[in-house]
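Below is one structure, written out as structure tokens, with a few remarks after it.
Proteins come first, then strands; the chains are lettered A, B, ... in the order of their sequence lines, and each starts at number 1. Only heavy atoms go into these numbers, but all of them, side chains included; no hydrogens, no water, no symmetry mates.
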Amino acid sequence: MAVKTLIEAVREAMAEEMRRDPRVIVFGEDVEEGGVFRATEGFVQEFGRERCFDTPLAESAIVGVAIGASLNGLLPIAEIQFADFIWPAVDQIINEAARIRWRSNGAWGCPIVVRAPYGAGIRGGPYHSQSVESVFAHVPGLKVVCVASPYDAKGLLKAAIRDPDPVLFFEHKRAYRLVREEVPEDDYVLPLGQAAVKREGKDITLVSYGMMAQHALKAAERAAEEDGIQVEVIDLRTLRPLDSETVLASVRKTGKALVAYEDNLFGGYGAEIAALIAEEAFDYLDGPVTRLAAPDVPISPFSPALEDAILPGEENVLEAIRRLAAY
Amino acid sequence: MAVKTLIEAVREAMAEEMRRDPRVIVFGEDVEEGGVFRATEGFVQEFGRERCFDTPLAESAIVGVAIGASLNGLLPIAEIQFADFIWPAVDQIINEAARIRWRSNGAWGCPIVVRAPYGAGIRGGPYHSQSVESVFAHVPGLKVVCVASPYDAKGLLKAAIRDPDPVLFFEHKRAYRLVREEVPEDDYVLPLGQAAVKREGKDITLVSYGMMAQHALKAAERAAEEDGIQVEVIDLRTLRPLDSETVLASVRKTGKALVAYEDNLFGGYGAEIAALIAEEAFDYLDGPVTRLAAPDVPISPFSPALEDAILPGEENVLEAIRRLAAY
Amino acid sequence: MAVEKVDTAGLTDQELLDVYYKMLLTRALSQRMRVLQRMGKGTFAVSAEGHEGAQVGSAYVLRPGQDWTVPYYRSVGVAVTVGMTARDVMMAFFARRDDISSGGRNMPNHFSHRELRIVSGSAPVATQVPHAVGIALASKLRGLDEVTFVYFGDGATSKGDTHEAMNFAGVHRLPVVFICENNSYAISVHISKQMAVENVSIRAQGYGFPGVTVDGNDVLAVYRAALEAHQRARAGEGPTFIEVKTYRLAPHSSDDDDRRYRSREEVEAWSQREAIVRFRALLQELGLLNQEKEESLNRRVAREVDEATDYAEQAPPPDPATVFRHLYAE
Amino acid sequence: MAVEKVDTAGLTDQELLDVYYKMLLTRALSQRMRVLQRMGKGTFAVSAEGHEGAQVGSAYVLRPGQDWTVPYYRSVGVAVTVGMTARDVMMAFFARRDDISSGGRNMPNHFSHRELRIVSGSAPVATQVPHAVGIALASKLRGLDEVTFVYFGDGATSKGDTHEAMNFAGVHRLPVVFICENNSYAISVHISKQMAVENVSIRAQGYGFPGVTVDGNDVLAVYRAALEAHQRARAGEGPTFIEVKTYRLAPHSSDDDDRRYRSREEVEAWSQREAIVRFRALLQELGLLNQEKEESLNRRVAREVDEATDYAEQAPPPDPATVFRHLYAE
Ligand SMILES: Cc1ncc(C[n+]2csc(CCOP(=O)(O)OP(=O)(O)O)c2C)c(N)n1
Ligand SMILES: Cc1ncc(C[n+]2csc(CCOP(=O)(O)OP(=O)(O)O)c2C)c(N)n1
Ligand SMILES: [Mg+2]
Ligand SMILES: [Mg+2]
């Protein structure tokens with residue numbers, strides 16, 4: 001099995017699906033040339049400009065046109081160049097993609113994938129760093145994935161493309177070239193809606209996703225080595241539908257829950273996880289449901305000094321683990 | 001003191017502020033004619049079309065133009081006809097209004113108010129019923145108010161208009177003519193960021209806002225009468241900044257927390273309240289932090305039979321109170 | 001003699017009468033819904049009264065089940081022209097379980113019919129325009145002989161989505177026709193506050209395709225413009241924008257009181273020259289319509305609307321337990 | 001003799017040389033930032049090389065501190081023309097504490113200067129266009145003699161915000177000038193995939209105000225068009241759209257490799273006829289510039305850029321503790 005980066009895994013997933021099913025097309029800004037992160041490198045050569053093409057600079061149309069194309073038999077992957085630029089398309093995503101099946105009583109379906117690089121840590125400033133998942137994970141009718149792991153990315157993106165409903169697929173851009181792992185060459189699909197227990201442990205349940213799940217794993221290793229604290233690390237992978245069973249089963253075992261996410265703390269996605277645990281696993285809790293996330297300022301300031309001051313990472317997770325363990 | 005409806009209170013607050021400060025203007029769709037809910041009835045007559053005027057049908061421009069006008073010395077109130085139609089303006093709200101002061105290191109400010117009727121229960125179907133507050137309450141740089149009480153609405157809307165930062169002001173449309181209460185004629189301002197303890201109690205803390213806070217109060221009365229359960233009802237009023245002290249102090253007293261909101265349960269605003277309580281008041285909890293909200297389907301189906309099946313109300317709150325009390 | 005010179009746009013006598021019948025049906029359904037709403041039998045009604053020429057005239061070009069229709073909430077005449085029945089319309093009005101458009105989930109007049117390729121829409125203005133473009137994109141990429149007609153009002157021209165979609169269609173030369181029913185008002189907002197141009201069809205030039213303005217009170221003029229646009233689309237020549245100047249004779253919806261912003265004289269003046277009145281005169285002139293025929297048509301329409309109303313009124317509402325269905329594919 | 005016929009747009013000799021100086025400064029700052037970024041001294045750079053004619057020519061019309069400037073990330077030449085210094089530009093490049101634009105919070109080239117009325121912008125394309133319209137609305141409602149210039153690229157014309165804002169400005173006849181720096185590319189996307197028209201200025205007609213296309217390599221032509229638009233705005237005649245045809249001589253940004261999508265021949269051809277080369281020839285023809293003068297100007301510019309770079313490089317970064325400030329008014 002070859003070791004691959006996240007961006008390679010993403011590219012491979014799309015290319016394989018495009019080979020497999022002629023209905024799959026991909027479009028967005030700069031995708032013909034390969035995309036600003038090179039996710040579609042070589043696609044024009046292999047699939048032609050009919051199946052991989054540039055659009056005008058208009059995110060609402062990118063998603064709206066994808067919806068229309070999906071109603072007429074295609075399986076579009078719409079690329080939003082940075083998640084920070086998804087906001088103009090929110091109306092199409094929330095009012096349209098998420099509701100068309102339900103509002104037509106099942107007559108129509110909307111099998112689109114909206115891919116976007118998200119997350120901070122690349123010195124991108126406040127407009128190339130945002131975490132936007134909480135908004136979409138709240139909306140009935142959508143499915144939402146956040147990945148930083150290449151293995152997960154490939155399997156989940158393939159599932160997303162085959163899924164009959166709209167899937168928002170957020171790839172942590174800092175992980176694109178940073179995170180490497182073994183990725184099978186062959187056609188494997190990971191089901192949407194299944195969390196992965198990336199590390200077992202008996203003392204604390206650490207729920208995370210995206211780049212923070214990578215930090216969490218490293219922090220957990222260190223907590224084991226340095227403090228003998230056994231942390232169970234759950235990478236949610238799919239934020240909607242949530243695999244609440246895996247989360248709750250773990251908390252019932254460990255009695256302590258730490259929820260870590262990169263987004264702003266207040267009202268972020270992790271609030272839902274914390275709320276779920278506080279209600280459904282209350283009797284098992286031996287300590288407060290703890291959250292670790294970015295403070296409530298725009299993510300991220302461009303200045304490295306400022307970005308480093310707010311962006312949570314391995315050290316912060318480790319500290320939170322220690323604090324919760326000591327409770 | 002006269003008894004007034006919510007819509008009267010809203011109208012009065014705007015008119016008083018417009019009389020007080022010539023910089024205040026209001027614009028949006030159909031506002032000249034008085035607005036679809038009559039919030040600006042009589043404004044053209046009193047203030048002229050220079051201060052109350054119709055815009056083209058374009059929500060992103062409505063907010064974007066308001067931002068610009070606020071940079072050049074005006075205090076615009078931008079009306080979005082229904083909260084369901086705010087989505088096209090999300091980019092202007094999140095990427096622009098919320099960040100301009102911070103990103104300019106304090107040089108610029110954005111004193112706008114975006115008003116929108118929100119909420120269900122008026123047979124408006126899935127596009128005239130939405131609760132949208134969670135998205136905005138999550139964003140640093142914004143302030144968010146949700147009201148159904150006429151008294152609160154007047155005092156808070158005046159505060160919002162005078163506030164130097166962008167305020168999203170959501171008025172529950174079902175309450176417009178339904179909820180009546182005494183509203184002073186005079187100029188009073190209620191501070192943003194202060195919750196109201198609408199009813200004291202020792203057994204359960206019930207945190208809510210908007211129309212659900214009205215249901216909560218009624219349910220609490222019945223719980224006291226019928227079951228002898230003393231529920232403390234907190235109407236948050238301002239969702240961001242959150243008055244966490246009032247919430248936590250109450251939970252530390254009662255030991256039990258119920259969070260009630262009209263929006264979809266999963267990832268809704270109440271998740272943040274539950275998460276906060278589970279972390280900050282953990283040692284005081286005598287029962288699971290419980291949430292009551294709409295199930296995860298679009299709010300609302302047009303059919304009365306379907307809407308009534310999903311929309312939480314007084315009965316559901318009462319049931320939840322009883323369940324939590326019995327825990 | 002004058003009669004000989006009437007350009008009936010290649011429509012047969014039978015078709016001309018069919019157009020007229022569909023206009024009458026649109027009118028009658030709209031009126032009935034308004035009346036029923038006022039009687040408290042429904043909570044919401046939108047009327048197409050006044051728009052019959054714009055709607056039936058354009059949609060008559062479509063090949064049902066082959067071409068695609070992306071309507072908006074005022075499109076009663078489009079829906080019935082493409083093949084939805086009076087029953088379909090009334091079932092939606094009463095929000096019934098077997099309402100084909102949405103099973104009572106969407107508001108009335110939000111028509112949807114998969115077999116007829118009438119696409120489910122929402123209430124937010126203009127969001128359907130990019131959908132139409134996406135449908136047309138798929139038609140082109142898949143090499144299918146399909147044309148998409150998308151409908152919207154003058155207010156919708158101000159939205160970003162309309163712009164983004166028209167530009168996209170122009171760049172990709174897609175088989176889509178944009179039909180703007182310009183009735184001079186967006187609820188109470190007069191066109192003069194919506195745009196600073198006389199004919200909004202001029203905007204098509206900025207997207208690299210033709211735009212025309214036609215008189216919506218002349219149903220055959222609308223038909224001709226739509227036919228030409230349809231032919232251009234099929235020939236691979238790309239989109240067309242058709243602005244149909246029309247007028248709504250009723251308030252915006254049952255929630256609106258148009259006396260606040262429109263003079264009765266203005267409404268009266270338009271109702272003198274509206275499409276049904278005018279087309280009736282033409283058909284009479286052509287010898288296709290006499291009083292007897294007219295009365296029989298009216299009876300037929302009334303019967304259909306009565307029957308549809310009775311049927312829908314008695315039909316069962318949706319079962320509350322089903323509200324969770326179809327959120328995702330089953 | 002030919003010299004006599006040159007239309008210098010009413011600019012004095014001194015002003016003509018000042019325009020030239022600002023073009024050179026823009027060029028030198030852009031180049032320096034690119035070089036510094038490649039040296040690892042900064043993480044991001046955007047260049048205005050090639051856009052000097054479009055930017056300096058138009059912004060030279062503005063009355064600093066009175067008129068409003070709403071720039072975009074490529075607006076180095078606009079910023080320095082309105083009055084920002086080389087230091088201001090470099091302080092932003094290095095994300096310094098005392099960077100006037102943002103204190104190191106925003107990316108480089110996101111210029112902001114309250115006293116000069118240069119409005120803080122974001123990276124999302126076109127969101128600034130409605131802001132400019134709102135500023136102009138306030139100018140009009142407050143009866144102030146102010147004009148707003150807003151800048152954006154060809155890619156930005158596709159966005160809904162641009163459309164909504166231009167339509168709004170047309171309806172309200174606001175004193176705003178829309179300046180589109182059409183360089184034929186949005187990153188790698190060629191204009192032919194962005195729009196199906198030759199000149200995007202044609203769209204202004206659809207909003208009820210004039211649109212013109214000018215040659216961005218002719219700085220005086222740009223100036224004249226901007227001046228006329230500025231006068232129209234002040235006279236209460238409403239907005240103007242100015243499309244300036246130009247070309248960027250450098251990649252989109254330091255993250256871009258333009259060799260992937262542009263031939264070197266194309267770049268070379270444009271650099272032959274770019275605005276600085278052309279204006280230099282004109283100034284020589286007019287006898288305003290000789291080799292000595294040219295060298296002295298170049299030395300001045302180099303000195304300024306060196307000084308600014310040194311100053312900014314040594315300036316302190318923001319204090320992490322301040323990151324929470326200015327989220328709300330203090
Ligand atoms: C995005 C959005 N904003 C506001 C509304 C409220 N609204 C419903 S219809 C309408 C007017 C539409 O006018 P027009 O497009 O001219 O169509 P008409 O009703 O005149 O046929 C408005 C403002 C909406 N549905 N969607
Ligand atoms: C809404 C949005 N989408 C995508 C991007 C990414 N992006 C940054 S600049 C750019 C191209 C802009 O091209 P143009 O408007 O022609 O300006 P130019 O850079 O050529 O001067 C793109 C796609 C963005 N910043 N904002
Ligand atoms: Mg209209
Ligand atoms: Mg460009």
With a 4.5 angstrom heavy-atom cut-off, which part of [X] approaches chain A: side chain, backbone, both or neither?
X       : result
N105(B) : neither
Y327(B) : side chain
P295(B) : neither
Q130(B) : side chain
F266(B) : both
I86(B)  : neither
I93(B)  : neither
R103(B) : side chain

Quick one: which of [options] has the most heavy-atom pairs under 4.5 Å with chain A, could you say?
options                           : value
A274(B), A98(B), P126(B)          : P126(B)
D84(B), I277(B), I299(B), V90(B)  : V90(B)
V297(B), N95(B), V139(B), T290(B) : N95(B)

Once you round to the nearest 0.5 Å, how far does CD of E59(B) lie from CG of D91(A)?
->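 Spacing of CD (E59(B)) from CG (D91(A)) equals 8.0 Å.
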
Are R99(B) and Y127(A) in a cation-pi contact, defined as NZ or CZ under 6.0 Å from the six-membered ring centre and within 45° of the axis?
-> yes

What heavy-atom pair brings S300(B) and W102(A) nearest, and what distance separates the two atoms?
->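 Nearest pair, atom of S300(B) first, then W102(A): C-CH2, 4.4 Å.
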
Which pair of heavy atoms, one from H138(B) and one from D263(A), lies closest together, and at what distance?
-> NE2-OD2, 2.7 Å

From L285(A), D286(A), V289(A), residue fulfilling side chain to side chain contact (heavy atoms under 4.5 Å, CB included) relative to F282(B) = L285(A)

If you count heavy-atom pairs under 4.5 Å with chain B, which of A275(A), A281(A), G141(A) comes out on top?
->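 It is A275(A).
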
Can R240(B) and D296(A) be said to form a side chain to side chain contact (heavy atoms under 4.5 Å, CB included), step by step?
-> CA-CA 11 Å; R240(B) 184 182 193 107; D296(A) 288 309; 3.6 Å; yes

N-O pairing of E272(B) and R291(A) below 4.0 Å = yes

